[in-house]
Number of protein chains: 2
Amino acid sequence: MALEHALLVALREQPASGLELAQRFGRSIGFFWSATHQQIYRVLGRMETDGWVRVETVAQQGRPDKKVYDVTELGGTALADWLAEPSADTPLRSDLAVKLRGASFGDREAVLDVVRARVVDHHTRLGHYRQLMKRDYPAPHSLAGLELDQYLVLRGGILMEETWIAWLTEYLEAHS
Amino acid sequence: MALEHALLVALREQPASGLELAQRFGRSIGFFWSATHQQIYRVLGRMETDGWVRVETVAQQGRPDKKVYDVTELGGTALADWLAEPSADTPLRSDLAVKLRGASFGDREAVLDVVRARVVDHHTRLGHYRQLMKRDYPAPHSLAGLELDQYLVLRGGILMEETWIAWLTEYLEAHS
DNA sequence: CTCACGTTTGCAACTCGTTGCATAGGTGGT
DNA sequence: ACCACCTATGCAACGAGTTGCAAACGTGAG
């Protein structure tokens, strides 16, 4: 699918090793895409044989060598092509929504507890995002290009978290 | 993951055949969970061997027989158990977000076109949801139990669509 | 020196989801 | 009769994602 392309975007922003990519995915890009290190290694290998990335082994002090990947010209055009493709919108895949809908068929109070726990999660994440926002983009109106895009994606993460909280709160209030 | 449980919820609402389930997933429950008929057939088969559902072959006039599935007691308790489990929140997995972030590395105008197309999609879907809302739940405050839950999930679908539109609109405006 | 620990890379097995195709019953047109 | 089409069920193959484990390298503690 498109983990390839997510990696291309990440590597164009900054060349990195597999593990560094995995860590970055836990942060910024990971708002909208996640991947484990095993998956990343496998895909990087495939991308290397396809000639989308080149690799350079870098010695480190006090640590094993790392293999730093960078995007080739071929990879760059593959990315540009993909960016221009129409993208089908993926249905949400939320198991929590299924639980909300099915609450009548189990212990409703237990489901409400599950929902309350998730509200806490979303608040935590939202707090984290807002902190990033304040730290990295204190003056959004002066941004342009890559930085503006990064800001806008973080902004989307915040909007999504706020929506989850609003929705789940509405659910809890309707059932109280 | 939890397609099993989504099917249990659907079948508890109304026993159905595989194809009917696939069609319903294109609608109501499908706001937050989708599945093709092949996948549904496979999972229904597994659920039958596990004793979660029972099956009854129903003759129809002018059509091939269909196999109507219903939830067993064992399936009911499996569902109730799952409903009470905490549910980890799934990262969003949106390839559009990756494109937004990577737009600098390709043709920005092309990416904006992709975004505009998606805004249209979301508007279409939102219109559809609002129509369902008006038709099926004209008086939300009088709802309770299963119907209230169904209403609230549809409500969530609407909130999500509105958020997508708001976000993508903000993106377009920032780049104009 | 050895052992526990952390880092980086990687393999293997499994599950889940998608795509393409196949089969079988039935309708209606020519 | 034949063909095109719809409904309903299903198989097989592939690709994507997850989980558990392992190997290789280095540091620091005892």
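Lettering of chains follows the sequences in order, A, B, ..., and the numbering in each one begins at 1. The structure presented is a predicted model; accordingly, all values stated were derived computationally and were not measured.
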d(CG, B/L3; C1', C/dC16) in whole Å | 9 Å
Can you tell me the distance, in whole Å, between the NZ atom of B/K66 and the P atom of C/dG26?
-> 15 Å
Which whole-number value in Å describes the distance from A/W33 CH2 to D/dG17 C1'?
-> 11 Å
Can you give each donor-acceptor pair under 3.5 Å made by side-chain atoms of residues 136-145 of chain A, sequence neighbours left out, with the distance rounded to 0.1 Å?
unit_1	atom_1	unit_2	atom_2	d
A/S142	OG	A/A139	O	2.8

Between P of D/dC6 and NE2 of B/H37, the distance in whole Å | 15 Å
Between P of C/dT7 and CG of A/D65, the distance in whole Å | 16 Å
Can a side chain N or O of B/T36 be found less than 4.0 Å away from OP1 or OP2 on C/dG17?
-> no
Kindly say if B/R93 contacts the phosphate of D/dA16, meaning a side-chain N or O under 4.0 Å from OP1 or OP2.
-> no
Report yes if a side-chain nitrogen or oxygen of A/K67 is closer than 4.0 Å to either non-bridging phosphate oxygen (OP1 or OP2) of C/dG10; otherwise report no.
-> yes
Using heavy atoms and a sub-4.0 Å distance, could you list which residues of residues 39-51 of chain A are near DNA chain D? By number, please.
-> A/Q39, A/R42, A/R46
Going by the ring-ring contact (aromatic ring centres under 6.0 Å, His included) test, which pairs reach into residues 94-129 of chain A, not counting sequence neighbours?
-> A/F31-A/Y129, A/H122-A/W164
Assess whether atom CD of A/E56 is packed by more than 12 heavy atoms of other residues, nucleotides or ligands within 6.0 Å.
-> no
Could you work out which one of D/dC11, D/dT9, D/dC21 sits closest to the side chain of B/Q38?
-> D/dC11
Rounding to a whole Å, what distance do you find between B/L19:CG and D/dG10:P?
-> 11 Å
So, A/E73 and A/R54, do they make that salt bridge, N to O below 4.0 Å?
-> no
When you check the gap from the basic side-chain N to the acidic O, do B/R130 and B/E161 get nearer than 4.0 Å?
-> no
Salt-bridge present (B/K99, A/E85; N to O < 4.0 Å) = no
